[in-house]
Amino acid sequence: MSEVEKVKCLIIGSGPAGYTAAIYAARADMSPVLYQGMQPGGQLTTTNEVENFPGYPEGVTGPDMMVQLEAQAKRFETDIRFGFIDKVDFSGDVHKCWAEDGKEIHADTVIISTGASAKYLGLESEQLYLKNGGGVSACAVCDGFFYRGQETVIVGAGDSACEEAHYLSKLCTKVTMLVRRDEFRASKIMADRVKNTENIEILFNTETDEVLGDGQVVTGVRAKNNKTGELIEIPCTGFFVAIGHKPNTDIFKDYINLDETGYIEYEEPGTSKTNVPGVFVAGDAADKTYRQAVTAAGTGCMAALDAERYLAAKGH
Ligand code: NDP
C-alpha cells in the first residue's frame, strides 16, 4: 500500500471556487494540493464567452479563463493534480481522502469545490450545439445576452426555468417555454410571472424532439405534443435547458449535512463552514441560487480564509 500523504489543505475541484481557494491558501503558506476532478476547469469549460466576470472588459472564453486561473494558482505553487477524490472519511480528527488511484491523503483542512452539473436532455443534437458553442446553453444569465433581439426556446418548468425565461424575455423578442406536463413545478409566484409576460409563450405537454441547426448553429427546435403526438418546428437561435442541476456531493453524504436536493448546507451562515470542523465548502456545491463564476470565486476566497483561521486556532 502506498504511503499516506499528509497535507495542510486539500482542495477538491477546479472551477473558479477551487482555483481561487488555491490562490489564497497558497499565498497563506498552506501548500494546498488541488485535485482537478472529472472536468478540469468545471462548468465554465462548457461556456463560450464570459462577459460578466469583472476585470475582463473584452470578455474571455470559459476555457481561457480557467487556464488563467490555473496558472495563477500554480504561480504560488499550488500542487495541482489531474485526477479526482472518490472517497472520504470525515469521522475522525484527521480528514481522510482517497484519490481514484488509491492514494490516501490525510488533510488538516479540506475545501470542497466540486460544483454542480447542469442536467441536459441527452439528445445528440443538443450535445452537438452545446459542445461547439452553437446555441445551446444551461445558463441564461451567462449566455442570454448573445441572443438579444432574437427568438429563444427554453425547456423546464421549475423555478430556475421560470427565472431564466423571465430573464430572457427582457432580452429576446420571443421566448417559447416547453413544459412537459400540463402544469409548472415552479412556485406559483414564479409561474405567474412567466404567464403574465407578454413575449413568453408556454407550450404545455410539450417535449423537445430535436434541436435543429445547420451543423454549426441552432436554427430551431422540433417539439412534440406528448398528448396528441403533433410535431411543430419553432424557429430560434438559442436553446436553453433549465431542467435542474445536480450538485457533485455524493461522496460526502455520509459525513456532511446536505439539503434534500444534495447541496451542502452551511453550518454557520456567512461563512464557508460545514458541519465538520476543518471542512469548508465553496462554489456551486453549496449554491443553488446564484451559481455564477464570480460568486464561486468569492466563496473560494472565504473558504481559504476560514481554513487558514481554523489552522491558526489549532496552533498550526
Ligand atoms: P427543479 O428540479 O425544481 O425543476 C426541474 C424542472 O425540469 C421540472 O419542471 C421538470 O419537469 C423539468 N424536467 C426535468 N427533466 C426534464 C426533461 N427531460 N424534459 C423536460 N423537462 C424536464 O429544478 P430547478 O433548477 O428549477 O430548481 C432547483 C431548486 O432550486 C428548487 O428547489 C427551486 O425551488 C430552487 N430555486 C429557487 C429559485 C428562487 O426561489 N428564486 C430560483 C431557482 C431555483 P417536471 O415538473 O415534469 O418534473
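When a ligand or atom number is given, it counts from 1 through the structure's own listing order. Heavy-atom basis, side chains included; hydrogens, waters and symmetry copies ignored. Just so you know, residue 1 is the first one in the sequence shown, and it goes up from there.
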Problem set entry | ring-ring contact (aromatic ring centres under 6.0 Å, His included) involving Phe240 - partner list, sequence neighbours excluded | Tyr147

How far is [atom] from its nearest protein heavy atom, and which residue and atom is that?
atom                    : value
atom 7 (O) of ligand 1  : Ile243 CA, 3.3 Å
atom 11 (O) of ligand 1 : Arg180 NE, 3.3 Å
atom 34 (O) of ligand 1 : Asp159 OD2, 2.6 Å
atom 24 (P) of ligand 1 : Ser160 OG, 3.2 Å
atom 32 (O) of ligand 1 : Lys288 NZ, 4.4 Å
atom 47 (O) of ligand 1 : Arg181 NE, 2.7 Å
atom 41 (N) of ligand 1 : Glu163 OE2, 3.0 Å
atom 23 (O) of ligand 1 : Gly244 CA, 3.7 Å

Seminar exercise, completed: For Ile111 and Ala282 the tightest heavy-atom approach is CG2-CB, 4.5 Å

Exercise. Hey, is atom 28 (C) of ligand 1 under 4.0 Å from any protein heavy atom?
Worked result: no

Exercise. Is there a protein heavy atom less than 4.0 Å away from atom 38 (C) of ligand 1?
Worked result: yes

Problem set entry | Steps toward salt bridge (Lys or Arg N to Asp or Glu O under 4.0 Å) verdict (Glu268, Lys273) | CA-CA 6 Å; Glu268 209 181 300; Lys273 293 177 187 170; 3.4 Å; yes

For this session: Examine Arg148 relative to Phe145 and say whether NZ or CZ is less than 6.0 Å from the centre of the six-membered ring and inside a 45° cone about the ring axis.
Result: yes

For this session: Only one of Asp86, Asp89, Ile85, Val33 passes side-chain contact (heavy atoms from CB on, under 4.5 Å) with Cys97; say which it is.
Result: Ile85

Is the closest N or O pair between [X] and ligand 1 shorter than 3.5 Å?
X      : value
His245 : no
Arg185 : yes
Ala157 : yes

Exercise. Closer than 4.0 angstrom: is that true for some heavy atom of Glu207 and an atom of ligand 1?
Worked result: no

Problem set entry | Contact check, Val155 vs ligand 1, heavy-atom distance below 4.0 Å | yes

For this session: Measure Leu121 to ligand 1 on non-hydrogen atoms and call it side chain, backbone, both or neither using the 4.0 Å cut-off.
Result: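 Contact part for Leu121 vs ligand 1: side chain (C-beta onward).
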
For this session: Show your reasoning for whether salt bridge (Lys or Arg N to Asp or Glu O under 4.0 Å) applies to Lys6 and Asp108.
Result: CA-CA 8 Å; Lys6 292 199 166 68; Asp108 294 328; over 6 Å; no

Exercise. Would you call Glu104 and Lys96 a salt bridge, using N to O less than 4.0 angstrom?
Worked result: no

For this session: Could you check Tyr19 against Gln36 for side-chain hydrogen bond (donor to acceptor under 3.5 Å, both in side chains), going step by step and ending with a plain yes or no?
Result: CA-CA 9 Å; Tyr19 284 136; Gln36 288 183 309; 3.0 Å; yes

Exercise. Pairs in or reaching into residues 63-82: which pass ring pair (Phe, Tyr, Trp, His ring centres under 6.0 Å), with residues at least two apart or in two chains?
Worked result: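 Residue pairs with at least one partner in residues 63-82: there are none.
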
